[in-house]
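What you see is a predicted model, and the numbers here were worked out from it, not measured in a lab.
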Amino acid sequence: EEAVAQAERDLNVKKAQLAAETARETARAEKARDLEMAAIEQKLKVEQAKVLEVETEARIAVAQREAERREKELLGTDIKPAEAKKQAAIIAADEFEDLELFHPMYRLQEEGIETVVIGLTKDQIKGKRGYPITPQATIDQVNARDFDILMIPGGKSPERLRLNSKLLDFVRDFDRQGKVIAAICHAGQVLASAGIVKGRTVTCVAAIRDDMVNAGAHYVDKPAVRDGNLVTSRIPSDLPEFAKLTIEALTKPQLVQVSR
């Protein structure tokens, strides 16, 4: 019995020793884990500090550039005046040739040129094919000095326009100022009535050829013709060449060497 009791005591001692050793191992592992976590947290803090430093430097750089920009604006050293958009005047009355108004108008707009349709009144007008457009101004409200180019579509519209004295003065002012005048088809009637084709090389629809010649023009049968600031064309199928020459005349002006 004594031997059994001793064996039990020895077993209990070993159990106690094992428990103590396990406790020590657990404590060492927890301490190591705590140290590792502390190191990781410290590393994260260092990284966060670096990120914050970079962000701060970036904000400072942006603020400095903005301050420099504002300073330049105040000093006027970095101010570039905005280039004013060119403006085109389009004069028309009822029964204009639809394509001859809308095609050049949209081509001019594609080039960044603002277009203003000018009528004898502000009432809506319709083309020969039925397409309507409402003038943005009347001939009484405009001045040639406010525009860079004058575009005149054909159709029956020119027959009405040529009877208005203010409109003819408007056309003459464009010519006196050397500004581009683009006329297609029957629009030559307006040029003839304004008296600006004498000595000029022009083209037009065949129906008004004699009118242009009688007004002193030199007529040629070509899709489109440019004579200085004057661009003329014949019929709707010539519109691509007409538009090309019109834009060329606006961007590459030529001296007009004719008597007026």
Side-chain angles (χ1 to χ4, degrees), residues 88-105 117-121 125-129 133 135 139 142 144 147 149-246 248-249 254 256-260:
I90 302 173
I91 53 175
D94 272 322
E95 295 191 272
F96 59 86
E97 182 60 57
D98 306 57
L99 273 176
E100 294 172 356
L101 187 152
F102 290 106
H103 180 280
M105 181 176 74
V117 177
I118 300 165
L120 300 178
T121 70
I125 55 177
K126 284 187 178 182
K128 289 171 62 180
R129 319 298 171 183
I133 193 166
I139 192 62
V142 293
F147 298 93
I149 176 174
L150 174 64
M151 205 280 290
I152 315 172
K156 295 184 178 180
S157 166
E159 295 178 10
R160 295 174 169 85
L161 298 178
R162 71 190 304 184
L163 300 177
N164 187 288
S165 60
K166 289 185 178 179
L167 189 138
L168 295 180
D169 285 338
F170 187 62
V171 175
R172 294 184 190 106
D173 286 342
F174 266 88
D175 197 46
R176 277 193 289 266
Q177 294 170 29
K179 294 180 176 179
V180 178
I181 300 173
I184 184 170
C185 198
H186 286 79
Q189 293 174 316
V190 176
L191 307 184
S193 292
I196 65 169
V197 296
K198 186 176 182 179
R200 313 292 292 275
T201 299
V202 302
T203 192
C204 59
V205 66
I208 66 165
R209 171 184 173 177
D210 290 346
D211 294 8
M212 301 296 277
V213 171
N214 290 336
H218 171 59
Y219 171 84
V220 292
D221 185 17
K222 292 183 178 181
V225 176
R226 179 183 178 189
D227 186 334
N229 65 315
L230 188 61
V231 178
T232 52
S233 189
R234 301 176 305 186
I235 52 178
S237 59
D238 297 327
L239 278 165
E241 186 66 21
F242 175 60
K244 178 183 176 182
L245 274 186
T246 297
E248 180 183 285
Q254 295 177 348
V256 180
Q257 297 179 335
V258 295
S259 58
R260 300 286 168 82

Chemist: For Thr203 and Pro223, work out which heavy atoms get closest and say how close.
Modeler: CG2-O, 4.4 Å
Chemist: Treating Asp238 as the side-chain partner and Ala224 as the backbone partner, does any N or O pair qualify as donor plus acceptor under 3.5 Å?
Modeler: no
Chemist: Do you see a donor-acceptor pair shorter than 3.5 Å between the side chains of Arg200 and Asn229?
Modeler: yes
Chemist: On a heavy-atom basis, which atom in Glu100 and which in Pro153 lie closest, and how many Å separate them?
Modeler: O-CB, 3.4 Å
Chemist: Could you grab the distance from atom CD1 of Ile196 to atom CG of Leu230, nearest 0.5 Å is fine?
Modeler: 5.5 Å
Chemist: Looking only at non-hydrogen atoms, find the nearest pair between Asp211 and Arg162 and report the distance.
Modeler: OD2-NH1, 4.4 Å
Chemist: Would you please name every residue forming a side chain to side chain contact (heavy atoms under 4.5 Å, CB included) with Ala215, sequence neighbours left out?
Modeler: Ala192, Val197
Chemist: Apply the test side chain to side chain contact (heavy atoms under 4.5 Å, CB included) to residues Leu191 and Val202: give CA-CA distance (whole Å), side-chain angles for both, the deciding distance (0.1 Å), then the verdict.
Modeler: CA-CA 10 Å; Leu191 307 184; Val202 302; 5.6 Å; no
Chemist: So which atom in Met212 and which in Cys204 form the shortest heavy-atom distance, rounded to 0.1 Å?
Modeler: CG-SG, 3.6 Å
Chemist: Using a 4.5 Å cut-off on heavy atoms from C-beta on, say whether the side chain of Pro104 contacts that of Thr246.
Modeler: no
Chemist: Is there a side chain to side chain contact (heavy atoms under 4.5 Å, CB included) between Asn164 and Ile139 once you walk through the steps?
Modeler: CA-CA 9 Å; Asn164 187 288; Ile139 192 62; 4.1 Å; yes
Chemist: What is the distance from atom NZ of Lys179 to atom CD1 of Ile149, rounded to the nearest 0.5 Å?
Modeler: 11.0 Å
Chemist: Should Val231 and Ile181 be marked as a side chain to side chain contact (heavy atoms under 4.5 Å, CB included) after you check the CA-CA gap, both sets of side-chain angles, and the distance that decides it?
Modeler: CA-CA 6 Å; Val231 178; Ile181 300 173; over 6 Å; no
Chemist: Looking at Asp221 and Arg234, does any basic side-chain N land under 4.0 Å from a carboxylate oxygen?
Modeler: yes
Chemist: Measuring from atom CD of Glu95 to atom NE2 of His186, what distance do you get when rounded to the nearest 0.5 angstrom?
Modeler: 11.5 Å
Chemist: Charged N to carboxylate O under 4.0 angstrom, Lys166 versus Asp169?
Modeler: no
Chemist: Do the non-hydrogen side-chain atoms of Leu120 and Leu161 ever get within less than 4.5 Å of each other?
Modeler: yes
Chemist: Going by heavy atoms in the side chains, are Leu99 and Leu239 under 4.5 Å from each other?
Modeler: yes
Chemist: Could you report the tightest heavy-atom contact between Leu101 and Ala92, atom names first, then the distance?
Modeler: CD1-CB, 3.7 Å
Chemist: Could you please spell out the steps behind the side chain to side chain contact (heavy atoms under 4.5 Å, CB included) verdict for Val180 and Leu150?
Modeler: CA-CA 6 Å; Val180 178; Leu150 174 64; over 6 Å; no
Chemist: Within the 4.5 Å heavy-atom criterion, are Ile91 and Val171 side-chain neighbours or not?
Modeler: yes
Chemist: I'd like to know if Asp175 pairs up with Arg172 as an ion pair, taking the criterion as any Lys NZ or Arg NE/NH1/NH2 lying under 4.0 Å from an Asp or Glu carboxylate oxygen.
Modeler: no
Chemist: Can you see which heavy atom on Ser233 is nearest to which on Phe242, and at what distance?
Modeler: CB-CD1, 3.4 Å
Chemist: Calculate, to the nearest 0.5 Å, the distance between atoms CG and CZ belonging to Leu167 and Arg160 respectively.
Modeler: 13.5 Å
Chemist: Looking at residues at least two apart in the chain, or sitting in another chain, which of them share a side chain to side chain contact (heavy atoms under 4.5 Å, CB included) with Thr201?
Modeler: His218, Val220, Val225, Asp227
Chemist: Between Arg226 and Glu248, is the closest basic N to carboxylate O distance under 4.0 Å?
Modeler: yes
Chemist: Side chains of Pro135 and Ile118: closer than 4.5 Å at any heavy-atom pair?
Modeler: no
Chemist: How many angstroms lie between CD1 in Ile90 and CZ in Phe96, if you round to the nearest 0.5 Å?
Modeler: 10.0 Å
Chemist: Report the distance from atom CD of Glu97 to atom NZ of Lys156, rounding to the nearest 0.5 Å.
Modeler: 11.0 Å
Chemist: With a 4.5 Å heavy-atom cut-off, do Gln189 and Glu159 have their side chains touching?
Modeler: yes
Chemist: Please determine whether the number of non-hydrogen atoms from other residues, nucleotides or ligands lying under 6.0 Å from atom NZ of Lys128 exceeds 12.
Modeler: yes
